Amino acid sequence: VWGTDGALTHTCKTYNGAGNDDYIYLIGNAATPFYRFSIAGNSWSAMANALTAAAGAGCSMHWTFGFNADRLYVLRGGATATIYYYSIGTPGWTAVTYYPGSETFSTGTSTCYDALNRLYIVKDATHRMFYFQLDTNLMYIGGMWPYTSGTAMAGDGLVFIQTPDGAQYVYYRRQVGTEFFRMLIGWF
């Protein structure tokens, strides 16, 4: 039974040849087990290398195919400031030391990956946005979405989209309300 927040990610050959189209990875439930689903086998299995600490509310996981296709980056959530990455090729977890590491992330935290070298993070119901620079391990303030929410909701509400003409956006759904916002973050 799944009782709290969780995060899924899939490695895909369409985005990087190092991907495996068969596997979907799962963390969360305020627990340390780390799971992998085989699409071809239609089955879940617990990975041998569990998380070093429980992934809780506000957790996320991203395959950073444009930065390092061997890594799954995890924001642990659960009112912590912890970031890890999992090495797919040489299975194991590594804690990421980043600066400043003072913000904690919990229920309502949403994340997305920009397909290059950044993870965007919206913190809980405050709507404060950060971006984590993967190549330098630095956390930057990225602004604030309009309004705040009275209640933080579990579930991810942030997505990265690049349009056919190269405009790159981060879209965000407000925690409580019906608004849907977008922010231009780049152009290629």
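Residue numbers run from 1 in the order of the sequence given. Because only heavy atoms are used, hydrogens play no part in the values below, and waters and symmetry mates are left out as well, while side chains stay in. These figures come from a predicted structure and were not determined experimentally.
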- Here the gap from T136 atom OG1 to Q133 atom CD, rounded to the nearest 0.5 Å, amounts to 5.0 Å
- Item | Within one Ile-Leu-Val-Met-Phe-Trp-Tyr cluster: F180 and V122, side-chain cutoff 4.5 Å | no
- Message: Between T11 and I88, is the side chain to side chain contact (heavy atoms under 4.5 Å, CB included) condition met? List the steps.
- Response: CA-CA 10 Å; T11 64; I88 299 169; 3.9 Å; yes
- Message: Does the plane of the ring in H127 sit parallel, tilted or perpendicular to the ring in Y172? Use 30° and 60° as the thresholds.
- Response: perpendicular
- Message: With a 3.5 Å distance limit and no angle check, can you tell me whether D70 reaches the backbone of G89 through a side-chain donor-acceptor pair?
- Response: yes
- Query: What closest approach, in Å, do Y73 and L119 show between heavy atoms, and which atom pair accounts for it?
  - Reply: CB-CD1, 4.0 Å
Solution key, residues 45-63 side-chain donor-acceptor pairs under 3.5 Å, sequence neighbours excluded:
{"from": "T52", "atom 1": "OG1", "to": "Y84", "atom 2": "OH", "distance (Å)": "2.9"}
{"from": "S60", "atom 1": "OG", "to": "T111", "atom 2": "OG1", "distance (Å)": "3.1"}
{"from": "H62", "atom 1": "NE2", "to": "T111", "atom 2": "OG1", "distance (Å)": "2.7"}
{"from": "W63", "atom 1": "NE1", "to": "A69", "atom 2": "O", "distance (Å)": "2.7"}

- Query: Does some side-chain heavy atom of I39 sit less than 4.5 Å from a side-chain heavy atom of H10?
  - Reply: yes
- Is the ring centre of F65 less than 6.0 Å from the ring centre of Y113? yes
- Test of ring centre spacing under 6.0 Å for Y25 and Y35: no
- Task: Report yes if some heavy atom in the side chain of F105 is under 4.5 Å from a heavy atom in the side chain of T82; otherwise report no.
- Result: no
- In Å and rounded to the nearest 0.5 Å, what is the CG to OG distance from D124 to S106? 7.5 Å
- Answer yes or no: is there a donor N or O on one side and an acceptor on the other, between the side chain of T64 and the main chain of N68, under 3.5 Å? yes
- Message: Closer than 3.5 angstrom, by distance alone: can the side chain of D22 be matched with the main-chain N or O of A40 as a donor-acceptor pair?
- Response: yes
- Validation row: R174, F181 side chains within 4.5 angstrom (heavy atoms): yes
- Message: Quick one, D5 and T107 - any side-chain contact, counting heavy atoms below 4.5 Å?
- Response: no
- Determine yes or no for a side-chain-to-main-chain donor-acceptor pair under 3.5 angstrom, with N29 supplying the side chain and A31 the backbone. no
Table please: side-chain donor-acceptor pairs of residues 97-104 below 3.5 Å, with sequence neighbours left out.
{"from": "Y98", "atom 1": "OH", "to": "A81", "atom 2": "O", "distance (Å)": "2.5"}
{"from": "E103", "atom 1": "OE1", "to": "R128", "atom 2": "NH2", "distance (Å)": "3.1"}
{"from": "E103", "atom 1": "OE2", "to": "R128", "atom 2": "NH1", "distance (Å)": "3.2"}

- Is the distance between the ring centroids of F37 and Y23 less than 6.0 Å? no
- S87 side chain vs P91 backbone, donor-acceptor pair below 3.5 Å: no
- Message: Would you say that I27 contacts V74 through its side chain, given a criterion of any heavy-atom pair below 4.5 Å between the two side chains?
- Response: yes
- Item | T94/Y86 under side chain to side chain contact (heavy atoms under 4.5 Å, CB included): CA gap, chis, key distance, verdict | CA-CA 6 Å; T94 301; Y86 178 78; over 6 Å; no
- Query: According to a 4.5 Å side-chain heavy-atom criterion applied to Ile, Leu, Val, Met, Phe, Trp and Tyr, with indirect links allowed, do F160 and M129 form part of one hydrophobic cluster?
  - Reply: yes
- Task: Over all heavy atoms of both residues, which pair between Y169 and T163 is shortest? Give the atoms and the distance, please.
- Result: CE1-CG2, 3.9 Å
- Message: Quick check with a 6.0 Å cut-off and a 45 degree axis cone: is R118 positioned over the face of Y131's six-membered ring?
- Response: yes
- Within a reach of under 6.0 Å around CD1 of I141, are more than 12 heavy atoms found that belong to other residues, nucleotides or ligands? no
- Query: Is there side-chain contact between K13 and N20, with at least one heavy-atom pair below 4.5 Å?
  - Reply: no
- Message: Counting C-beta onward and ignoring hydrogens, is there a side-chain heavy-atom pair between Y120 and D114 closer than 4.5 Å?
- Response: yes
- How far apart are the C-alpha atoms of V96 and Y85, what are their side-chain angles, what is the distance that settles it, and do they pass the side chain to side chain contact (heavy atoms under 4.5 Å, CB included) test? CA-CA 7 Å; V96 176; Y85 69 78; 3.7 Å; yes
- Message: I want to know whether F130 and Y140 have ring centres closer than 6.0 Å.
- Response: no
- Message: Do Y171 and W187 sit in one hydrophobic cluster, given that two such residues count as connected whenever their side-chain heavy atoms are within less than 4.5 Å of each other, even indirectly?
- Response: yes
- Note on the structure: The reported gap from OG1 in T126 to CH2 in W145 (rounded to nearest 0.5 angstrom) is 13.0 Å
- Identify whether L134 and Y15 are in the same connected component of the hydrophobic contact network (ILVMFWY, side-chain heavy atoms under 4.5 Å). yes
- Considering only heavy atoms from C-beta outward, does the side chain of F67 approach that of L116 to under 4.5 Å? no
